[in-house]
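The sequence lines fix the lettering, A, B, ..., with proteins before strands; numbering per chain opens at 1.
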Amino acid sequence: MIKKSSSQYTQLKEDSVKPKKEFTFFEDVYEVVRLIPKGRVSSYGAIASYLGTKLSARMVGWAMNAAHQVRPKVPAHRVVNRNGMLTGKHHFSTPTEMEVLLKKEGVLIENDTVIDFKSKFWDPSKELGM
DNA sequence: TTCCTGACTCCAG
DNA sequence: CCTGGAGCCAGGA
């Protein structure tokens with residue numbers, strides 16, 4: 001039982017002014033997503049990788065979950081999984097919202113998957129240079 | 001505090 | 001081709 005007291009860390013921080021953490025990761029995710037060109041799509045893993053946390057693709061999805069209430073607007077519909085599947089469609093106002101938005105931008109969907117995903121794929125590490 | 005879940009991905013069978 | 005488990009880490013119960 002290594003029951004340590006957290007008090008030993010309390011003096012480490014004096015920034016009692018800031019109740020919240022920095023949330024830089026989420027903000028970075030939103031910024032990258034906003035850079036995805038219209039008519040193109042990216043993946044959770046690609047974004048995570050670009051931000052240096054390759055193994056945290058799930059966190060990108062988690063960030064998208066809260067992206068709807070973030071301003072400026074975040075085009076979350078342009079983020080799909082590595083296979084081009086619209087795994088996040090159920091998190092939009094309607095189950096077809098994501099697909100409709102993409103089609104409006106020229107990205108065709110079939111069976112919940114982006115058609116010709118390979119050519120529509122936008123890799124931040126490659127496009128933004130790394 | 002601990003435990004569980006997830007808009008993911010990789011790897012082994 | 002499909003399935004399951006591990007690693008990731010922020011929140012909610």
query: Which of these passes side-chain contact (heavy atoms from CB on, under 4.5 Å) with A:M64: A:V33, A:V70, A:I47?
result: A:V33
- prompt: In whole angstrom, what separates A:D112's CG from B:dA7's P?
  reply: 14 Å
task: State the pairing partner of C:dC1; accept Watson-Crick or G-U wobble contacts with both distances under 3.5 Å, and report none otherwise.
output: none
- prompt: With distance as the sole test, does A:S43 use its side chain to make a donor-acceptor pair with the main-chain N or O of A:A46 at under 3.5 Å?
  reply: yes
- prompt: Counting only heavy atoms not in A:H68, do more than 12 fall under 6.0 Å of its NE2?
  reply: yes
message: Tell me if a side-chain donor or acceptor on A:T53 pairs with a main-chain N or O of A:S56 at a distance below 3.5 Å.
response: no
message: Please verify the inter-ring angle class for A:Y30 with A:F26; under 30° counts as parallel, over 60° as perpendicular, anything in between as tilted.
response: perpendicular
message: For A:Y44 versus A:A57, what's the shortest heavy-atom pair and its separation?
response: CB-O, 3.8 Å
message: As a test of reading the structure: which of C:dA10, B:dC8, B:dA7 is closest to the side chain of A:W62, going by heavy atoms?
response: C:dA10
Any protein N or O atoms within reach of nucleotides 11-13 of chain B? Criterion: under 3.5 Å, listing atom names and distances.
none

field: Interatomic distance where CE belongs to A:M85 and C1' belongs to B:dG6 [whole Å]
entry: 16 Å
- prompt: Hey, are A:E105 and A:H77 close enough side-chain-wise for a donor-acceptor pair under 3.5 Å?
  reply: yes
- request: Whole angstrom is fine here: how far is it from CZ in A:F92 over to P in B:dA7?
  value: 13 Å
- request: Report the distance from atom NE2 of A:H90 to atom P of B:dC8, rounded to the nearest whole Å.
  value: 11 Å
query: Side-chain contact, heavy-atom cut-off 4.5 Å: A:R78 with A:W122?
result: no
field: Separation between CD of A:E31 and OG1 of A:T24, rounded to the nearest 0.5 Å
entry: 10.5 Å
query: For B:dT9, which nucleotide in any strand shown is its Watson-Crick or wobble partner with both distances under 3.5 Å?
result: C:dA6
query: So which nucleotide does C:dG12 pair with, by the Watson-Crick or G-U wobble rule with both distances under 3.5 Å?
result: B:dC3
task: Would you classify A:N65 as touching base, sugar-phosphate or nothing, given that sugar-phosphate means primed atoms plus P, OP1 and OP2, and contacts are heavy atoms under 4.0 Å?
output: base
Please list each protein N or O that sits under 3.5 Å from an N or O in nucleotides 5-8 of chain C, with the distance.
| from | atom 1 | to | atom 2 | distance (Å) |
| --- | --- | --- | --- | --- |
| C:dG7 | O6 | A:R58 | NH1 | 3.1 |
| C:dC8 | O4' | A:L55 | O | 3.3 |
| C:dC8 | O3' | A:S56 | OG | 3.3 |
| C:dC8 | N3 | A:R58 | NH1 | 3.4 |

task: Would you indicate what A:A67 reaches in the nucleic acid, counting non-hydrogen atoms under 4.0 angstrom: base, sugar-phosphate, or nothing?
output: nothing
query: How many Å lie between CZ on A:F25 and C1' on B:dC8, as a whole number?
result: 11 Å
message: Tell me whether the side-chain N or O atoms of A:H68 pair up with the base of B:dA7 as donor and acceptor below 3.5 Å, since no angle test is needed here.
response: yes
message: Output the rounded distance in Å from CE (A:M64) to P (C:dG11).
response: 14 Å
query: When all nucleic acid strands are considered with a 4.0 Å heavy-atom cut-off, which category describes A:S43: base, sugar-phosphate, or nothing?
result: sugar-phosphate
